[in-house]
There are 2 protein chains.
Amino acid sequence: MSAGVEWAVHCCAVLSAATEPVPVTKLAELHGVSKTYLAKHMQALSHSGLVQAIEGRDGGYLLTRPGSEVSVYDIVQAIDGPEPAFRCTEIRQRGPFPATAEACKVPCGIAQVMAKAERAWGDSLRSVTLADLNAAFDASSPGSWETVRGWLAATPTP
Amino acid sequence: MSAGVEWAVHCCAVLSAATEPVPVTKLAELHGVSKTYLAKHMQALSHSGLVQAIEGRDGGYLLTRPGSEVSVYDIVQAIDGPEPAFRCTEIRQRGPFPATAEACKVPCGIAQVMAKAERAWGDSLRSVTLADLNAAFDASSPGSWETVRGWLAATPTP
DNA sequence: ATGAATGTGGATAACTCTTGTCCGAGTTAG
DNA sequence: CTAACTCGGACAAGAGTTATCCACATTCAT
């Protein structure tokens with residue numbers, strides 16, 4: 001899985017707690033990561049429709065939906081793309097005993113097992129929203145969101 | 001996920017239906033894939049202890065356990081390695097508001113969610129054995145295993 | 001013993017994907 | 001209108017994957 005997924009989830013969590021557009025500069029500074037590379041991942045989020053890009057001065061990114069309606073799965077898919085991890089290359093159709101066209105109307109047994117496992121993985125990620133993440137974080141570090149919100153509003157970009 | 005996983009699962013399914021050592025040459029020919037590259041993946045299976053390598057003439061590979069005791073997860077892990085797909089880089093400890101050492105005794109919320117999803121994925125794969133795969137295949141194409149077994153025993157390597 | 005068949009490990013090359021950086025186009029506040 | 005600030009896509013560099021080949025040790029039949 002792409003490492004940018006971690007950055008994107010953290011950024012979306014921050015965005016769900018923000019009230020005004022947050023520029024990439026602040027997101028990168030807040031998380032201590034490269035600004036230019038983070039921008040690339042934010043583009044993917046914007047392209048997927050998860051976040052809205054506000055251009056121009058005082059612009060930045062906004063979530064298009066409330067945090068309670070954005071699942072971790074949405075973010076992972078926006079960054080890593082929709083392709084499944086396992087790709088069946090249909091080797092059952094090769095070799096001296098190729099599968100009949102009749103049997104190939106159904107995905108091969110191995111592909112079915114892999115697809116089922118990926119569905120289980122996706123269902124698990126779908127069941128967690130940004131609101132859940134933020135609630136858990138606030139429970140472990142009370143008041144942190146207030147600090148971050150204040151920093152976002154007050155700190156001028158140097 | 002590595003593409004070699006598909007080859008490895010197919011090969012293990014064949015091995016679980018075989019009674020004598022099957023050399024890489026036959027496995028590759030049977031599946032219509034590159035012999036040299038398949039040899040690399042078989043080495044990985046051998047290293048993991050899933051299969052036993054018989055050297056010398058009339059050698060080949062044998063499963064070390066019956067097919068009913070080998071799960072698809074075992075094969076995936078042997079080929080792709082034990083590292084999880086998601087690696088937490090602890091960016092919560094960076095930036096102007098690093099997480100306290102107290103909070104870091106527990107994995108960050110995002111890592112927990114990802115780990116839980118990967119467990120669900122692994123559990124799904126663990127629940128399917130080579131025997132299950134072979135039974136499903138035999139139901140869709142009755143008698144195919146007999147054909148393959150005969151070809152393995154009779155065909156001399158050219 | 002000899003030769004053929006077989007797995008093992010290393011070295012190597014092409015290719016793809018991820019990672020990372022840069023500069024330009026467009027927008028908005030003042 | 002100007003100037004600053006924003007996103008957006010094009011552009012390199014690095015790492016990992018995919019794929020191949022060969023020299024070597026081992027085993028069995030002749």
Side-chain angles (χ1 to χ4, degrees), chain A residues 1-8 11 15 18 20-29 31-62 64 76 78-81 83 85-87 89 91 152 155-158, chain B residues 1-8 11 15 18 20-29 31-64 76 79-81 83 85-87 89 91 152 155-158:
Chain A
M1 185 180 326
S2 168
V5 167
E6 185 184 9
W7 300 11
C11 286
L15 288 182
E20 291 176 14
V22 184
V24 173
T25 306
K26 287 200 177 177
L27 286 173
E29 193 179 346
H31 294 116
V33 301
S34 151
K35 166 194 165 184
T36 53
Y37 189 31
L38 178 59
K40 191 169 199 62
H41 292 308
M42 295 307 295
Q43 281 176 33
L45 292 180
S46 171
H47 200 260
S48 76
L50 264 186
V51 305
Q52 177 189 5
I54 312 285
E55 293 194 14
R57 182 176 169 157
D58 292 356
Y61 287 101
L62 278 177
T64 54
V76 172
I79 300 293
D80 267 9
E83 304 106 33
F86 179 85
R87 305 155 288 187
T89 61
I91 72 182
L152 285 176
T155 309
T157 25
Chain B
M1 185 179 327
S2 167
V5 168
E6 186 184 9
W7 299 11
C11 287
L15 289 182
E20 291 177 13
V22 184
V24 174
T25 306
K26 288 200 174 175
L27 286 173
E29 193 180 346
H31 294 117
V33 301
S34 151
K35 168 193 164 182
T36 53
Y37 191 32
L38 179 58
K40 270 273 181 275
H41 292 308
M42 295 309 294
Q43 281 178 32
L45 291 180
S46 174
H47 270 130
S48 75
L50 265 184
V51 305
Q52 177 189 5
I54 312 285
E55 292 193 15
R57 181 174 171 160
D58 293 354
Y61 289 101
L62 278 178
L63 276 189
T64 54
V76 172
I79 300 294
D80 266 10
E83 304 108 31
F86 179 86
R87 305 155 289 187
T89 62
I91 73 181
L152 284 177
T155 307
T157 25

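Given the structure is predicted, the values throughout are model-derived calculations rather than measurements. First the proteins, then the strands, lettered A, B, ... as listed; each starts at 1.
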Quickly work out the [X] [atom1] to [N] [atom2] distance and round it to whole Å.
X	N	atom1	atom2	answer
B:E6	D:dT17	CD	C1'	16 Å
B:W7	D:dT20	CH2	C1'	12 Å
B:R57	C:dT2	CZ	C1'	12 Å
B:Q52	C:dT8	CD	P	11 Å
B:L15	C:dG7	CG	C1'	14 Å
A:K26	D:dC5	NZ	P	12 Å
A:L27	D:dT6	CG	P	11 Å
A:L45	D:dC7	CG	P	12 Å

Within the structure shown, what part of the strands sits under 4.0 Å from [X] by heavy-atom distance: base, sugar-phosphate, or nothing?
X	value
A:A3	sugar-phosphate
A:Q43	base
B:G60	sugar-phosphate
A:H41	nothing
B:G59	sugar-phosphate

> For A:L38 and A:E55, take the nucleotide of DNA chain C holding the closest heavy atom to each; which residue's nucleotide lies nearer the 5' end?
Replying inline: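 Result of the comparison: A:L38.
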
>> Please compare B:G56 and A:D80 by the position of their nearest nucleotide in DNA chain C and report the one closer to 5'.
In response: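 The residue closer to the strand's 5' end, by nearest nucleotide, is B:G56.
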
> Which is it for B:V33 and B:E6 under the side chain to side chain contact (heavy atoms under 4.5 Å, CB included) test, yes or no, and what are the steps along the way?
Replying inline: CA-CA 11 Å; B:V33 301; B:E6 186 184 9; over 6 Å; no

State which of [options] makes the closest approach to the side chain of [X].
X	options	value
A:Y61	C:dA4, C:dT8, D:dC7	D:dC7
A:A53	C:dG20, C:dA4, D:dG8	D:dG8
B:T36	D:dC5, D:dC21, D:dC7	D:dC21
B:D58	D:dC28, D:dC7, D:dA25	D:dC28

>> Between B:K35 and A:V24, which residue's closest nucleotide on DNA chain D lies nearer the 5′ terminus?
In response: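 Looking at the nearest nucleotide for each, A:V24 comes out on the 5' side.
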
>> With side chain to side chain contact (heavy atoms under 4.5 Å, CB included) as the criterion, how do B:L27 and B:H41 come out once you've worked through the C-alpha distance, each side chain's angles and the decisive distance to 0.1 Å?
In response: CA-CA 12 Å; B:L27 286 173; B:H41 292 308; over 6 Å; no

Would you say [X] reaches [N]'s phosphate, i.e. side-chain N/O to OP1/OP2 under 4.0 Å?
X	N	value
A:H47	D:dG8	no
A:T25	D:dC5	no
B:S34	D:dT18	no
A:S2	C:dT19	yes
A:Y37	D:dC11	no

> From A:E20 CD over to A:I54 CD1, what is the distance, rounded to the nearest 0.5 angstrom?
Replying inline: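 If I round to the nearest 0.5 Å, the distance is 11.5 Å.
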
> Does a side-chain heavy-atom distance below 4.5 Å link A:I79 with A:L45?
Replying inline: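 In contact.
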
> Between A:M1 and B:R87, what is the shortest heavy-atom contact and its length?
Replying inline: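 Where A:M1 meets B:R87 most closely, the heavy atoms are O-NH2, 3.8 Å.
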
>> Quick check: closest heavy atoms across B:A18 and B:L152, and the distance to 0.1 Å?
In response: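 Heavy atoms of B:A18 and B:L152 come nearest at CB-CD1, 4.2 Å.
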
> Does a distance-only test, which skips hydrogens and angles, find a donor-acceptor pair under 3.5 Å between the side chain of B:K40 and the base of C:dG10?
Replying inline: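 Such a pair exists between side chain and base.
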
